[in-house]
Amino acid sequence: MHLYIHIPYCRQACHYCDFHFSTNLKSKSELIECLCKEIILRKDYLKDKNLQTIYFGGGTPSLLHPQELQTIFECIHQNFRIDPQAEITFEANPEDLSIDYLKELFDFGINRLSIGIQSFSERNLYFLNRNHSLKQSINSVEFAQKVGFNKISLDLIFGIPGYDFTKVKEDLNLFLETGVNHLSTYSLTVEPKTVFGIQKKRGLFQEIDDIEMAKQFEFIIETLANKDFEQYEISNFARNGEISKHNSSYWFQEEYLGIGPSAHSFDGKSRQWNVSSNGNYCQSIVKGVPFFEKEKLEQNELINEFILTRLRTTWGLPLEKLTQMTQAAGLSFPKQEIEQWLEQNYAFIEDNHLKLHRKGKMIADKLSADIFYLSEQ
Ligand code: SF4
(Lines give C-alpha, C1' and ligand atoms only; values in the text may rest on other atoms or scores of the structure.)
Protein backbone atom coordinates (compact mmCIF):
# COMPACT_ATOMS: atom_id res chain seq x y z
CA MET A 1 0.00 0.00 0.00
CA HIS A 2 1.13 3.50 -0.70
CA LEU A 3 0.78 6.85 1.02
CA TYR A 4 1.10 10.27 -0.60
CA ILE A 5 1.26 13.45 1.49
CA HIS A 6 0.79 16.78 -0.27
CA ILE A 7 2.58 19.79 1.26
CA PRO A 8 0.77 22.70 -0.41
CA TYR A 9 3.26 25.55 0.04
CA CYS A 10 5.95 27.14 -2.12
CA ARG A 11 8.15 30.18 -1.62
CA GLN A 12 7.24 31.58 -5.01
CA ALA A 13 5.21 30.49 -8.01
CA CYS A 14 7.19 29.03 -10.90
CA HIS A 15 5.87 30.43 -14.17
CA TYR A 16 4.89 27.04 -15.60
CA CYS A 17 3.41 25.34 -12.55
CA ASP A 18 -0.25 24.43 -12.14
CA PHE A 19 0.04 22.18 -9.10
CA HIS A 20 -1.87 23.17 -6.02
CA PHE A 21 0.17 25.35 -3.65
CA SER A 22 0.02 28.61 -1.76
CA THR A 23 2.84 31.10 -1.23
CA ASN A 24 1.20 32.27 2.00
CA LEU A 25 2.82 30.16 4.70
CA LYS A 26 0.86 31.56 7.64
CA SER A 27 -1.48 28.59 7.86
CA LYS A 28 1.29 25.95 7.77
CA SER A 29 1.01 24.81 11.43
CA GLU A 30 -2.76 24.59 11.26
CA LEU A 31 -2.55 22.67 8.00
CA ILE A 32 -0.11 20.14 9.47
CA GLU A 33 -2.59 19.50 12.28
CA CYS A 34 -5.24 18.93 9.63
CA LEU A 35 -3.01 16.54 7.68
CA CYS A 36 -2.68 14.48 10.86
CA LYS A 37 -6.42 14.62 11.45
CA GLU A 38 -6.99 13.40 7.90
CA ILE A 39 -4.55 10.52 8.42
CA ILE A 40 -6.56 9.44 11.47
CA LEU A 41 -9.89 9.89 9.68
CA ARG A 42 -8.79 7.86 6.68
CA LYS A 43 -6.54 5.27 8.25
CA ASP A 44 -8.93 2.49 7.17
CA TYR A 45 -9.01 3.55 3.53
CA LEU A 46 -6.20 1.11 2.83
CA LYS A 47 -7.17 -2.41 3.84
CA ASP A 48 -3.54 -3.33 4.42
CA LYS A 49 -1.81 -1.11 6.97
CA ASN A 50 1.66 -2.02 5.78
CA LEU A 51 3.08 0.89 3.80
CA GLN A 52 5.51 -0.05 1.07
CA THR A 53 6.04 3.52 -0.06
CA ILE A 54 5.50 6.98 1.35
CA TYR A 55 5.88 10.04 -0.86
CA PHE A 56 6.04 13.64 0.33
CA GLY A 57 5.13 15.78 -2.68
CA GLY A 58 3.89 19.26 -3.30
CA GLY A 59 4.23 22.11 -3.35
CA THR A 60 7.54 22.08 -1.58
CA PRO A 61 7.89 19.51 1.23
CA SER A 62 11.34 20.91 2.03
CA LEU A 63 9.59 23.97 3.47
CA LEU A 64 8.67 21.75 6.42
CA HIS A 65 10.60 22.37 9.59
CA PRO A 66 12.05 19.13 11.07
CA GLN A 67 9.66 19.50 14.02
CA GLU A 68 6.71 19.62 11.60
CA LEU A 69 7.99 16.58 9.79
CA GLN A 70 8.33 14.78 13.09
CA THR A 71 4.67 15.51 13.88
CA ILE A 72 3.61 14.00 10.54
CA PHE A 73 5.85 10.93 10.93
CA GLU A 74 4.55 10.29 14.46
CA CYS A 75 1.03 10.36 13.12
CA ILE A 76 1.90 7.97 10.28
CA HIS A 77 3.59 5.56 12.73
CA GLN A 78 0.57 5.65 15.05
CA ASN A 79 -1.83 4.74 12.26
CA PHE A 80 0.12 2.56 9.83
CA ARG A 81 2.98 0.12 9.82
CA ILE A 82 5.90 1.20 7.69
CA ASP A 83 7.43 -1.79 5.95
CA PRO A 84 11.11 -2.08 6.98
CA GLN A 85 12.03 -1.98 3.27
CA ALA A 86 9.67 0.92 2.50
CA GLU A 87 10.73 3.53 -0.01
CA ILE A 88 10.24 6.94 1.60
CA THR A 89 10.62 9.75 -0.92
CA PHE A 90 10.85 13.43 -0.15
CA GLU A 91 10.56 16.13 -2.83
CA ALA A 92 12.89 19.02 -2.14
CA ASN A 93 14.04 22.23 -3.72
CA PRO A 94 17.81 22.78 -3.94
CA GLU A 95 17.81 25.98 -1.88
CA ASP A 96 16.48 24.12 1.18
CA LEU A 97 19.03 21.32 1.25
CA SER A 98 21.68 22.29 3.76
CA ILE A 99 23.80 19.52 5.27
CA ASP A 100 21.98 19.92 8.60
CA TYR A 101 18.53 19.71 7.04
CA LEU A 102 19.55 16.67 4.98
CA LYS A 103 20.82 14.93 8.13
CA GLU A 104 17.44 15.51 9.76
CA LEU A 105 15.68 14.01 6.72
CA PHE A 106 18.01 11.01 6.77
CA ASP A 107 17.35 10.43 10.48
CA PHE A 108 13.60 10.34 9.86
CA GLY A 109 14.18 7.31 7.62
CA ILE A 110 13.68 9.18 4.36
CA ASN A 111 15.69 7.13 1.89
CA ARG A 112 14.96 8.73 -1.48
CA LEU A 113 15.22 12.37 -2.48
CA SER A 114 13.60 13.92 -5.50
CA ILE A 115 15.30 17.26 -6.13
CA GLY A 116 13.58 19.85 -8.32
CA ILE A 117 16.58 21.05 -10.31
CA GLN A 118 14.60 21.70 -13.54
CA SER A 119 17.61 23.14 -15.35
CA PHE A 120 21.34 23.64 -14.84
CA SER A 121 21.18 26.99 -16.63
CA GLU A 122 20.97 30.25 -14.65
CA ARG A 123 19.10 31.80 -17.58
CA ASN A 124 16.46 29.07 -17.48
CA LEU A 125 16.08 29.19 -13.71
CA TYR A 126 15.34 32.90 -14.04
CA PHE A 127 13.03 32.35 -17.02
CA LEU A 128 11.07 29.65 -15.15
CA ASN A 129 11.02 31.81 -11.99
CA ARG A 130 12.73 29.16 -9.93
CA ASN A 131 13.97 30.23 -6.53
CA HIS A 132 17.42 28.62 -6.69
CA SER A 133 20.76 29.09 -8.41
CA LEU A 134 23.00 26.71 -10.31
CA LYS A 135 25.39 26.63 -7.36
CA GLN A 136 22.59 25.63 -5.00
CA SER A 137 21.61 22.84 -7.41
CA ILE A 138 25.11 21.39 -7.53
CA ASN A 139 25.56 21.79 -3.76
CA SER A 140 22.24 20.14 -2.96
CA VAL A 141 23.16 16.97 -4.83
CA GLU A 142 26.68 16.87 -3.41
CA PHE A 143 25.42 17.46 0.13
CA ALA A 144 22.77 14.75 -0.22
CA GLN A 145 25.35 12.25 -1.44
CA LYS A 146 27.68 13.23 1.39
CA VAL A 147 24.97 12.73 4.02
CA GLY A 148 24.37 9.22 2.68
CA PHE A 149 21.37 9.41 0.36
CA ASN A 150 22.07 6.82 -2.29
CA LYS A 151 18.72 7.11 -4.01
CA ILE A 152 18.35 10.51 -5.59
CA SER A 153 16.23 11.62 -8.49
CA LEU A 154 16.55 14.90 -10.33
CA ASP A 155 13.90 16.66 -12.42
CA LEU A 156 14.80 18.40 -15.66
CA ILE A 157 12.57 20.31 -18.04
CA PHE A 158 13.30 20.42 -21.77
CA GLY A 159 11.66 22.36 -24.60
CA ILE A 160 12.26 25.73 -22.97
CA PRO A 161 11.97 28.62 -25.45
CA GLY A 162 15.26 30.30 -26.27
CA TYR A 163 17.17 27.26 -25.16
CA ASP A 164 18.45 25.31 -28.10
CA PHE A 165 19.66 21.82 -28.65
CA THR A 166 23.27 22.44 -27.61
CA LYS A 167 22.08 23.84 -24.27
CA VAL A 168 19.99 20.73 -23.64
CA LYS A 169 23.19 18.80 -24.19
CA GLU A 170 24.97 20.93 -21.56
CA ASP A 171 22.11 20.38 -19.11
CA LEU A 172 22.25 16.66 -19.62
CA ASN A 173 26.03 16.54 -19.26
CA LEU A 174 25.80 18.36 -15.95
CA PHE A 175 23.16 15.88 -14.83
CA LEU A 176 25.43 12.97 -15.78
CA GLU A 177 28.33 14.53 -13.90
CA THR A 178 26.35 14.32 -10.65
CA GLY A 179 26.42 10.51 -10.81
CA VAL A 180 22.73 10.39 -9.87
CA ASN A 181 20.89 7.28 -11.09
CA HIS A 182 17.37 8.59 -11.67
CA LEU A 183 16.03 11.35 -13.88
CA SER A 184 12.47 12.53 -14.46
CA THR A 185 12.32 14.77 -17.49
CA TYR A 186 9.34 16.61 -18.92
CA SER A 187 8.71 18.88 -21.85
CA LEU A 188 7.62 22.37 -20.87
CA THR A 189 3.85 22.48 -21.21
CA VAL A 190 1.95 25.71 -20.97
CA GLU A 191 -1.11 25.47 -18.73
CA PRO A 192 -3.78 28.18 -19.01
CA LYS A 193 -3.75 29.44 -15.40
CA THR A 194 0.02 29.86 -15.14
CA VAL A 195 2.10 32.95 -15.88
CA PHE A 196 3.24 31.37 -19.15
CA GLY A 197 -0.39 30.52 -19.96
CA ILE A 198 -1.43 34.14 -19.46
CA GLN A 199 1.53 35.38 -21.51
CA LYS A 200 0.62 32.92 -24.27
CA LYS A 201 -2.97 34.16 -24.33
CA ARG A 202 -1.65 37.69 -24.83
CA GLY A 203 0.67 36.52 -27.60
CA LEU A 204 3.75 37.10 -25.45
CA PHE A 205 4.91 33.52 -25.16
CA GLN A 206 6.23 31.52 -28.09
CA GLU A 207 6.43 27.77 -27.50
CA ILE A 208 9.06 25.80 -29.36
CA ASP A 209 7.75 23.69 -32.23
CA ASP A 210 6.94 19.98 -32.00
CA ILE A 211 9.82 18.94 -34.24
CA GLU A 212 12.42 20.67 -32.07
CA MET A 213 10.72 19.30 -28.93
CA ALA A 214 10.83 15.74 -30.31
CA LYS A 215 14.46 16.24 -31.38
CA GLN A 216 15.43 17.29 -27.85
CA PHE A 217 13.58 14.37 -26.29
CA GLU A 218 15.13 11.84 -28.67
CA PHE A 219 18.53 13.24 -27.85
CA ILE A 220 17.87 12.83 -24.12
CA ILE A 221 16.68 9.23 -24.59
CA GLU A 222 19.70 8.38 -26.74
CA THR A 223 22.26 9.99 -24.43
CA LEU A 224 20.85 8.36 -21.32
CA ALA A 225 20.64 4.96 -23.04
CA ASN A 226 24.36 5.25 -23.81
CA LYS A 227 24.98 5.80 -20.11
CA ASP A 228 23.04 2.66 -19.07
CA PHE A 229 19.82 4.42 -18.11
CA GLU A 230 16.63 2.53 -18.80
CA GLN A 231 13.61 4.53 -19.90
CA TYR A 232 11.30 2.57 -17.63
CA GLU A 233 8.47 5.03 -18.15
CA ILE A 234 8.17 7.66 -20.87
CA SER A 235 9.40 10.48 -18.61
CA ASN A 236 11.48 8.44 -16.17
CA PHE A 237 14.95 7.01 -16.54
CA ALA A 238 16.81 4.83 -14.05
CA ARG A 239 20.19 3.18 -13.79
CA ASN A 240 21.11 0.21 -11.58
CA GLY A 241 17.42 -0.63 -11.14
CA GLU A 242 16.77 2.53 -9.09
CA ILE A 243 13.20 2.97 -10.29
CA SER A 244 10.67 4.91 -8.23
CA LYS A 245 8.56 2.29 -6.46
CA HIS A 246 5.97 4.87 -5.48
CA ASN A 247 5.40 6.23 -8.98
CA SER A 248 5.43 2.70 -10.41
CA SER A 249 2.56 1.84 -8.07
CA TYR A 250 0.38 4.40 -9.91
CA TRP A 251 1.24 2.81 -13.25
CA PHE A 252 0.35 -0.63 -11.87
CA GLN A 253 -3.03 0.53 -10.56
CA GLU A 254 -2.11 -0.24 -6.96
CA GLU A 255 -4.11 1.31 -4.15
CA TYR A 256 -2.91 4.49 -2.56
CA LEU A 257 -4.09 7.03 -0.05
CA GLY A 258 -3.49 10.70 -0.75
CA ILE A 259 -3.47 13.12 2.22
CA GLY A 260 -3.68 16.91 2.01
CA PRO A 261 -5.32 19.53 -0.20
CA SER A 262 -5.71 18.38 -3.83
CA ALA A 263 -4.35 14.89 -3.07
CA HIS A 264 -5.93 11.98 -4.95
CA SER A 265 -6.62 8.47 -3.63
CA PHE A 266 -7.45 5.21 -5.39
CA ASP A 267 -8.88 2.04 -3.85
CA GLY A 268 -8.98 -0.12 -6.98
CA LYS A 269 -12.55 0.84 -7.84
CA SER A 270 -13.01 4.52 -7.16
CA ARG A 271 -10.98 7.67 -7.26
CA GLN A 272 -11.22 10.36 -4.63
CA TRP A 273 -9.73 13.85 -4.68
CA ASN A 274 -9.44 16.39 -1.90
CA VAL A 275 -10.46 20.01 -2.30
CA SER A 276 -7.71 22.17 -3.85
CA SER A 277 -7.84 24.97 -1.30
CA ASN A 278 -5.84 25.04 1.92
CA GLY A 279 -8.51 27.12 3.68
CA ASN A 280 -11.49 24.99 2.63
CA TYR A 281 -9.58 21.80 3.34
CA CYS A 282 -8.79 22.81 6.93
CA GLN A 283 -12.23 24.26 7.62
CA SER A 284 -13.91 21.09 6.38
CA ILE A 285 -11.64 18.81 8.39
CA VAL A 286 -12.25 20.87 11.55
CA LYS A 287 -16.04 20.99 11.01
CA GLY A 288 -16.18 17.32 10.10
CA VAL A 289 -17.78 17.91 6.72
CA PRO A 290 -16.70 16.31 3.40
CA PHE A 291 -13.47 17.67 1.99
CA PHE A 292 -13.29 15.46 -1.08
CA GLU A 293 -15.17 14.34 -4.14
CA LYS A 294 -15.41 10.74 -5.18
CA GLU A 295 -16.27 8.90 -8.36
CA LYS A 296 -16.69 5.22 -8.99
CA LEU A 297 -14.71 4.35 -12.07
CA GLU A 298 -16.63 2.63 -14.86
CA GLN A 299 -15.16 -0.52 -16.42
CA ASN A 300 -14.16 1.37 -19.57
CA GLU A 301 -12.33 4.02 -17.49
CA LEU A 302 -10.39 1.36 -15.60
CA ILE A 303 -9.42 -0.28 -18.92
CA ASN A 304 -8.42 3.07 -20.49
CA GLU A 305 -6.21 3.88 -17.55
CA PHE A 306 -4.72 0.39 -17.68
CA ILE A 307 -3.84 0.86 -21.37
CA LEU A 308 -2.49 4.41 -20.94
CA THR A 309 -0.27 3.73 -17.97
CA ARG A 310 1.04 0.30 -18.96
CA LEU A 311 1.90 1.35 -22.51
CA ARG A 312 4.04 4.16 -21.11
CA THR A 313 6.18 1.68 -19.17
CA THR A 314 9.03 -0.56 -20.25
CA TRP A 315 7.05 -3.58 -19.00
CA GLY A 316 4.33 -2.95 -21.58
CA LEU A 317 0.65 -3.79 -21.82
CA PRO A 318 -0.14 -7.39 -20.78
CA LEU A 319 -2.36 -8.62 -23.61
CA GLU A 320 -3.86 -11.54 -21.70
CA LYS A 321 -5.02 -9.25 -18.91
CA LEU A 322 -6.42 -6.78 -21.45
CA THR A 323 -8.34 -9.63 -23.09
CA GLN A 324 -9.79 -10.66 -19.72
CA MET A 325 -10.71 -7.09 -18.82
CA THR A 326 -12.40 -6.34 -22.15
CA GLN A 327 -14.28 -9.66 -22.12
CA ALA A 328 -15.52 -9.08 -18.58
CA ALA A 329 -16.77 -5.63 -19.61
CA GLY A 330 -18.37 -6.92 -22.85
CA LEU A 331 -16.05 -4.74 -24.95
CA SER A 332 -14.21 -5.65 -28.13
CA PHE A 333 -10.45 -6.24 -28.08
CA PRO A 334 -8.56 -3.56 -30.11
CA LYS A 335 -7.03 -6.19 -32.44
CA GLN A 336 -7.07 -4.11 -35.61
CA GLU A 337 -5.38 -1.06 -34.06
CA ILE A 338 -2.69 -3.16 -32.41
CA GLU A 339 -1.95 -4.89 -35.73
CA GLN A 340 -1.56 -1.48 -37.34
CA TRP A 341 0.89 -0.36 -34.63
CA LEU A 342 2.94 -3.51 -35.22
CA GLU A 343 2.92 -2.95 -38.98
CA GLN A 344 3.90 0.71 -38.64
CA ASN A 345 6.69 -0.25 -36.26
CA TYR A 346 5.29 1.73 -33.35
CA ALA A 347 5.12 -1.37 -31.16
CA PHE A 348 6.24 -4.95 -30.77
CA ILE A 349 5.11 -7.94 -28.74
CA GLU A 350 7.36 -9.63 -26.23
CA ASP A 351 6.20 -12.34 -23.80
CA ASN A 352 2.62 -11.50 -24.69
CA HIS A 353 3.14 -7.86 -23.64
CA LEU A 354 2.67 -5.03 -26.11
CA LYS A 355 5.64 -2.67 -25.86
CA LEU A 356 6.45 0.54 -27.68
CA HIS A 357 9.44 1.19 -29.88
CA ARG A 358 11.02 4.62 -29.51
CA LYS A 359 8.91 5.91 -32.40
CA GLY A 360 5.79 4.80 -30.53
CA LYS A 361 6.99 6.27 -27.25
CA MET A 362 7.10 9.70 -28.86
CA ILE A 363 3.31 9.50 -29.34
CA ALA A 364 2.37 7.07 -26.59
CA ASP A 365 -0.58 9.03 -25.23
CA LYS A 366 -2.03 9.52 -28.70
CA LEU A 367 -1.78 5.80 -29.47
CA SER A 368 -3.56 4.97 -26.21
CA ALA A 369 -6.27 7.54 -26.90
CA ASP A 370 -6.91 5.89 -30.28
CA ILE A 371 -8.10 2.72 -28.57
CA PHE A 372 -9.86 4.24 -25.59
CA TYR A 373 -13.32 2.90 -24.84
CA LEU A 374 -16.04 5.48 -24.62
CA SER A 375 -18.57 5.36 -21.81
CA GLU A 376 -21.54 4.77 -24.16
CA GLN A 377 -20.00 1.58 -25.65
S1 SF4 B 1 7.20 23.79 -9.67
FE2 SF4 B 1 7.39 23.09 -7.56
S3 SF4 B 1 8.37 24.81 -6.49
FE4 SF4 B 1 7.60 25.64 -8.42
S5 SF4 B 1 5.57 26.44 -7.89
FE6 SF4 B 1 5.30 24.35 -8.64
S7 SF4 B 1 5.26 23.08 -6.83
FE8 SF4 B 1 6.17 25.05 -6.25
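Remember, it's 1-based here, ligands and their atoms both numbered in the order they're listed. This is a predicted model, so every value here is computed, not measured.
- The NE2 atom of H357 sits 15.0 Å away from the CE atom of M362 when rounded to the nearest 0.5 Å.
- Heavy atoms of G59 come nearer than 4.0 angstrom to ligand 1 in at least one pair.
- No part of R11 comes within 4.0 Å of ligand 1, judged by heavy-atom distances.
- Ion pairing of D370 with K366 is present here, as a side-chain N (NZ or NE/NH1/NH2) and a carboxylate O approach within less than 4.0 Å.
- Here C14 has heavy atoms under 4.0 Å from ligand 1 in both its backbone and its side chain.
- With ligand atoms numbered from 1 in the order given, ligand 1 contributes 5 (S) to contacts under 4.0 Å with heavy atoms of F21.
- Note: F229 and F175 have tilted aromatic rings, judged against thresholds of 30 and 60 degrees for the angle between ring planes.
- In terms of protein heavy-atom proximity, atom 6 (Fe) of ligand 1 is nearest to C17 SG, 2.3 Å.
- Within the 4.0 Å heavy-atom criterion, neither part of N131 lies near ligand 1.
- Ranked by closest heavy atom to atom 3 (S) of ligand 1, the top entry among N129, D155, N93 is N93.
- Using a non-hydrogen distance threshold of 4.0 Å, R130 registers as a contact of ligand 1.
- The aromatic rings of Y4 and Y55 lie parallel to each other, their planes meeting at an angle below 30°, with 60° marking the opposite boundary.
- Seen from the ring of F80, K43 does not count as a face-on cation partner, given the 6.0 Å and 45° thresholds.
- There is no side-chain donor-acceptor pair under 3.5 Å between H20 and S276.
- Using cut-offs of 30° and 60° for the angle between ring planes, the F237 and F217 rings count as perpendicular.
- Listed by number with element, the atoms of ligand 1 under 4.0 angstrom from any heavy atom of Q12 are 5 (S).
- Which parts of ligand 1 touch Y16 is read off a 4.0 Å heavy-atom cut-off, strictly below it: atoms 1 (S).
- Among all non-hydrogen protein atoms, the one lying nearest atom 8 (Fe) of ligand 1 is C10 SG, 2.3 Å.
- Side chain to side chain, Y346 and R358 fail the donor-acceptor criterion of an N or O pair below 3.5 Å.
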